[in-house]
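Residue numbers run from 1 in the order of the sequence given.
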Amino acid sequence: MPTEYCDLKYAGLYTGPIPDKGPQAIIATWSLVAAATIFVALRFYCKLLKHKPLWWDDFFMAISWFCFIVEGALTHRVINHGFGRYPCDIPNPEHNFKVIALEGNNIAATFTILAIMWSKTAFAVVLLRLVQQETGRKGFFLKTMVWFTIGVVNVLMGIQIIMIWVKCSPPAKAWNPRLEGNCWDQRVINYAGVFSSCLSGACDLVLSFLPWALIWKLRMSKREKWGIGIAMSMGIFASATSFVKGASILALSSSNFTYDACPLLVWSAAEVSVTMMATSIPVLRVLFRDLHTGFSKSTKSSGSQVNSGFSGFSHTLQRIPSSNKSVTVTVSREEHSRVPTTVVSRYDDV
């Protein structure tokens, strides 16, 4: 679609359908909200199922989910007021532009940032609980990195929220251009948003790789290492959405921003949704593992226990068949298991 769309329409040279990205954005946004809701609900279900207490990461996740619901509702509302269309296609522009500016650019953006900030903080708190048992230089380094990441995410995004509300003097001029006053150049706000998104993505990468430093040298099978590592590294996908969202922010400087910046709503929702799902996956891993274990046990016939040689962690080996003698070797639970119980519980309790 050419950038002169509105000029062509005013000149009567365009007679096609009205371009509108809004309906697709609504479907995408609520789909992402639904996906995040399912993961968060399963997260708390696992906690209740295992009779595990709620921690600070659970509270941060609950608040983040609430902010995400508000963001979705406001996104739906501003799209109903014309966001997703070219400015010349928005009905009752004076009223609808105020709604888009106030409820979209300010309020919805604030809840979006809060949802992103607290969902990332929730995962960082999970890691902080895990690294508390680490000692020495390694423990100090890991703790410092987690706290540094928490600080960077919260401070930068907090500053971004402040900038949204103080960019105009008086603040109401941001959604009521008829008022007397001054506003910052929109490019300043956009570049700050791009910087914040990119740094947020970098923090996601840091949080995604830190678990590998915790588990790689532990005494456990490679399969268990990879399972835990991958489950706790899903933040890589959140990082990718952060970078894409950062690039989409520049569309707010377009003269047709109501149309060009519509994908930004979807990518903002995607960043929140993916972060919440990635943060919940380590908890759900325990549920999936237990379900798989229960299914495997249920498929075994009772006859398979005959001559299994494994009952109460005791192995009976027929060392001298010809003399009808047997040698019984008893292996304790600790000796049989390749993964110490305390090590596994650290990651099962997240």
Side-chain angles (χ1 to χ4, degrees), residues 1-33 66-115 160-190 192-193 245 248-269 272:
M1 180 63 61
T3 56
E4 300 84 3
Y5 164 79
C6 289
D7 294 335
L8 294 175
K9 183 176 180 179
Y10 289 141
L13 300 177
Y14 181 83
T15 58
I18 295 177
D20 191 355
K21 296 179 179 179
Q24 293 85 354
I26 289 177
I27 294 173
T29 298
W30 284 117
S31 297
L32 291 166
V33 171
F66 172 77
C67 292
F68 195 20
I69 295 295
V70 175
E71 175 201 346
L74 291 173
T75 296
H76 197 143
R77 178 170 166 78
V78 297
I79 288 177
N80 285 342
H81 282 77
F83 200 86
R85 296 183 177 186
Y86 280 95
C88 56
D89 288 327
I90 297 178
N92 192 8
E94 184 173 356
H95 169 72
N96 286 334
F97 272 113
K98 287 182 180 180
V99 173
I100 292 173
L102 174 59
E103 299 184 20
N105 293 356
N106 282 49
I107 301 178
T110 298
F111 277 97
T112 301
I113 295 172
L114 289 175
Q160 191 177 358
I161 292 175
I162 294 174
M163 292 179 66
I164 289 174
W165 289 97
V166 303
K167 63 184 178 182
C168 291
S169 179
K173 185 174 175 57
W175 58 86
N176 188 1
R178 293 182 179 273
L179 293 178
E180 293 292 333
N182 298 301
C183 292
W184 298 352
D185 190 329
Q186 181 62 40
R187 290 174 296 181
V188 174
I189 307 298
N190 294 347
K245 188 198 76 173
S248 302
I249 292 176
L250 297 176
L252 291 172
S253 298
S254 169
S255 58
N256 298 316
F257 78 94
T258 55
Y259 180 82
D260 295 335
C262 192
L264 175 61
L265 300 179
V266 178
W267 283 112
S268 297
V272 180

If we only count heavy atoms from C-beta on, is the [X] to [Y] side-chain gap below 4.5 Å?
X	Y	result
Ile189	Trp184	yes
Phe111	Ile161	no
Leu114	Val70	no
Lys9	Tyr86	no

Pair up each side-chain donor or acceptor in residues 25-33 with any protein partner under 3.5 Å, not counting sequence neighbours, and list the distances.
residue, atom, partner, partner atom, Å
Thr29, OG1, Ala25, O, 2.8
Trp30, NE1, His76, ND1, 2.9
Ser31, OG, Ile27, O, 2.7

Does CH2 in Trp267 sit with more than 12 non-hydrogen atoms of other residues, nucleotides or ligands closer than 6.0 Å?
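Check fails, neighbour count at 12 or below.
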Report yes or no: does Lys98 contribute a side-chain atom to a donor-acceptor pair with the main-chain N or O of Asn176 at less than 3.5 Å?
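Not at all, since once roles are kept as given, no pair shorter than 3.5 Å links the two residues.
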The salt bridge (Lys or Arg N to Asp or Glu O under 4.0 Å) partners of Asp20 (sequence neighbours excluded) come to Arg85
Applying salt bridge (Lys or Arg N to Asp or Glu O under 4.0 Å) to Glu94 and not counting sequence neighbours gives Arg178
Who passes side chain to side chain donor-acceptor pair (under 3.5 Å) against Asn106, sequence neighbours left out?
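In terms of side chain to side chain donor-acceptor pair (under 3.5 Å), with neighbours along the sequence ignored, Asn106 is linked to no residue.
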Suppose we screen for side chain to side chain donor-acceptor pair (under 3.5 Å). Which residues come up paired with Ser169, at least two apart in sequence or across chains?
none
Do Asp89 and Tyr5 have a side chain donor and acceptor closer than 3.5 Å?
yes
Among residues at least two apart in sequence or on other chains, which ones pass disulfide (SG to SG under 2.5 Å) with Cys67?
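Per chain and number, Cys67 pairs via disulfide (SG to SG under 2.5 Å) with no residue.
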